[in-house]
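In what follows, a structure is listed as structure tokens, so that the remarks can point back to it.
Everything quoted here is computed from the prediction, not taken from an experiment.
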Amino acid sequence: MSHQSPDPVRRIGVATGLTVLGVVLSVLLSIPALAVSLNALAQFGVALVLSELGFVAAALLFLRVTDRDIDSLRIRVPTPSALGVVVAGTVALFVYRLVAILAAQAVGLPLAGNSVTQLAEQGVLNTLLLLVPLSVLVVGPAEELLFRGVIQSYLDGAFSRGAAVVLASVLFALVHLPTTWVATPDLLAVGVTLTILFGLSILLGYLYVWTDNLVVPILVHGLYDALLFGLAYVVLSSDAVSEGGSMVALNV
């Protein structure tokens with residue numbers, strides 16, 4: 001195989017470029033959904049699926065250009081023990097999120113929202129229900145494919161595994177900057193939210209390292225988001241919008 005140079009600076013540049021490419025492709029691919037006449041729920045769902053395909057496209061393009069095969073992603077059918085890790089990992093993300101939110105609230109730090117928060121507050125609560133299956137089937141697989149399977153593994157070729165996890169998590173958190181800023185144009189709120197997302201990404205990255213199986217972080221990511229949106233639907237449908245906003249804002 002003709003892989004990239006192990007030069008650390010080059011690898012960081014390529015990883016950053018892949019992140020930007022994923023975002024650009026996500027925006028471009030989602031445009032058709034915004035150009036056709038659909039109701040708000042259908043438009044949101046189609047746009048989300050198309051935008052997530054942008055991350056998949058960036059990952060597959062990288063594999064093609066660098067002559068890597070799909071085996072390099074370490075995708076395996078999870079064993080019973082790996083499924084146990086999935087359950088434990090999902091719980092760990094929830095516990096981390098809860099502690100992080102409580103800590104932020106204890107010191108009076110604000111949290112940013114996102115486009116989902118805005119739609120839910122506008123009364124389109126069914127977007128949250130739609131996101132339950134889409135989180136597992138689309139969001140988790142697409143984002144983990146690029147950020148863990150491709151970017152983290154690529155950085156691992158020039159850095160320690162711990163450093164690769166951290167660097168990939170920085171890029172992953174920054175991807176959420178535009179949506180959090182549009183929803184809540186407050187520098188402190190956005191910074192706090194991205195910091196929490198960075199921590200969530202660190203946990204996902206270490207699950208990939210620990211199990212050596214991309215399916216594990218894919219499932220944990222998808223299940224965590226699905227459960228979060230399901231709970232947010234219950235909270236928001238009970239008119240507890242402020243609490244729901246915090247809940248929805250921290251999906252990964």
Exercise. Would you say the side-chain atoms of Ser30 pair up with the backbone N or O of Val27, donor to acceptor, closer than 3.5 Å?
Worked result: yes
Problem set entry | Listed once per pair and sorted, the ring-ring contact (aromatic ring centres under 6.0 Å, His included) pairs that draw on residues 19-39, sequence neighbours left out | none
Exercise. Given side chains that start at C-beta, do those of Gln43 and Ser37 come closer than 4.5 Å, heavy atoms only?
Worked result: no
Exercise. Taking the side chain from Thr184 and the backbone from Trp181, do they hold a donor-acceptor pair closer than 3.5 Å?
Worked result: no
Exercise. With sequence neighbours left out, what residues match Thr16 under side chain to side chain donor-acceptor pair (under 3.5 Å)?
Worked result: none
For this session: Step by step, work out the side chain to side chain contact (heavy atoms under 4.5 Å, CB included) result for Leu227 and Thr90.
Result: CA-CA 9 Å; Leu227 290 172; Thr90 304; 3.9 Å; yes
For this session: Say whether Phe229 and Val49 are linked into one hydrophobic cluster, either directly or through other cluster members, by side-chain heavy-atom distances under 4.5 angstrom.
Result: yes
For this session: Can you measure from CG (Leu111) to CG (Leu109) and round to the nearest 0.5 angstrom?
Result: 8.0 Å
Exercise. Judged by atom type as modelled, is there a donor-acceptor pair below 3.5 Å linking the side chain of Asn213 to the main-chain atoms of Ile75?
Worked result: no
For this session: Could you grab the distance from atom CZ of Arg64 to atom CG of Asp69, nearest 0.5 Å is fine?
Result: 13.0 Å
Exercise. Applying the 4.5 Å side-chain criterion to the ILVMFWY set and letting contacts propagate, would Val190 and Leu174 be lumped into a single cluster?
Worked result: no
Exercise. Going from CG on Leu93 to CG on Leu203, what distance comes out if it is rounded to the nearest 0.5 angstrom?
Worked result: 5.0 Å
For this session: Could you tell me whether the side chain of Gln152 and the main chain of Gly205 form a donor-acceptor pair under 3.5 Å?
Result: yes
Exercise. Which pair of non-hydrogen atoms, one from Phe94 and one from Leu228, has the smallest distance, and what is that distance?
Worked result: CZ-N, 3.8 Å
Exercise. CD/Glu143 to CD1/Ile218 distance, rounded to the nearest 0.5 angstrom?
Worked result: 11.0 Å
Problem set entry | Contacts of Ser169 that satisfy side chain to side chain donor-acceptor pair (under 3.5 Å) - sequence neighbours left out | Ser201
Exercise. Are the side chain of Ser72 and the backbone N or O of Arg68 linked by a donor-acceptor pair below 3.5 Å?
Worked result: no
For this session: Mind listing the closest non-hydrogen atom pair of Ala33 and Leu38 along with its distance?
Result: O-CD1, 4.2 Å
Exercise. Are Val192 and Val107 co-members of a hydrophobic cluster defined by side-chain heavy atoms under 4.5 Å apart?
Worked result: yes
Exercise. Any donor-acceptor pair under 3.5 Å linking the side chain of Asn126 with the backbone of Leu129?
Worked result: no
Problem set entry | 4.5 Å side-chain heavy-atom contact, Trp210 and Val85 | yes
For this session: Output, in order, the C-alpha distance, side-chain angles, deciding distance and verdict of side chain to side chain contact (heavy atoms under 4.5 Å, CB included) for Ile70 and Leu73.
Result: CA-CA 6 Å; Ile70 201 71; Leu73 301 176; 3.4 Å; yes
Problem set entry | Audit row: Thr19, Phe147, side chain to side chain contact (heavy atoms under 4.5 Å, CB included) steps and yes/no | CA-CA 8 Å; Thr19 303; Phe147 288 96; 3.9 Å; yes
Exercise. Does any non-hydrogen side-chain atom of Val95 lie less than 4.5 Å from one of Val91?
Worked result: yes
Seminar exercise, completed: Between Phe62 and Val14 the two heavy atoms that sit nearest each other are CE1-CG1, 4.0 Å
Exercise. So, do Thr127 and Leu41 sit near enough that their side-chain heavy atoms are less than 4.5 Å apart?
Worked result: yes
Seminar exercise, completed: Nearest heavy-atom contact between Pro141 and Val136 is CD-O, 3.3 Å
For this session: Please answer: with hydrophobic residues joined when any side-chain heavy atoms are less than 4.5 Å apart, are Leu171 and Leu63 in the same cluster?
Result: yes
Exercise. Which heavy atom of Tyr96 sits nearest a heavy atom of Thr195, and at what distance?
Worked result: OH-O, 3.8 Å
Problem set entry | Shortest non-hydrogen contact from Tyr208 toward Pro217 | CB-CG, 3.9 Å
Exercise. Distance under 6.0 Å and angle within 45° of the ring axis: does Arg148 meet both against Phe172?
Worked result: yes
Exercise. Are Ile151 and Ile202 joined in one hydrophobic group, where the rule is that I, L, V, M, F, W and Y side chains link up if heavy atoms are under 4.5 Å apart?
Worked result: no
For this session: Given side chain to side chain contact (heavy atoms under 4.5 Å, CB included), test Val215 with Arg76 step by step and report yes or no.
Result: CA-CA 7 Å; Val215 174; Arg76 304 182 181 89; 5.7 Å; no
Exercise. If you round to the nearest 0.5 Å, how far is CG of Leu177 from CG of Leu194?
Worked result: 5.5 Å
Exercise. Say you draw a straight line from CG of Leu25 to CG of Leu61; how long is it, rounded to the nearest 0.5 Å?
Worked result: 8.0 Å
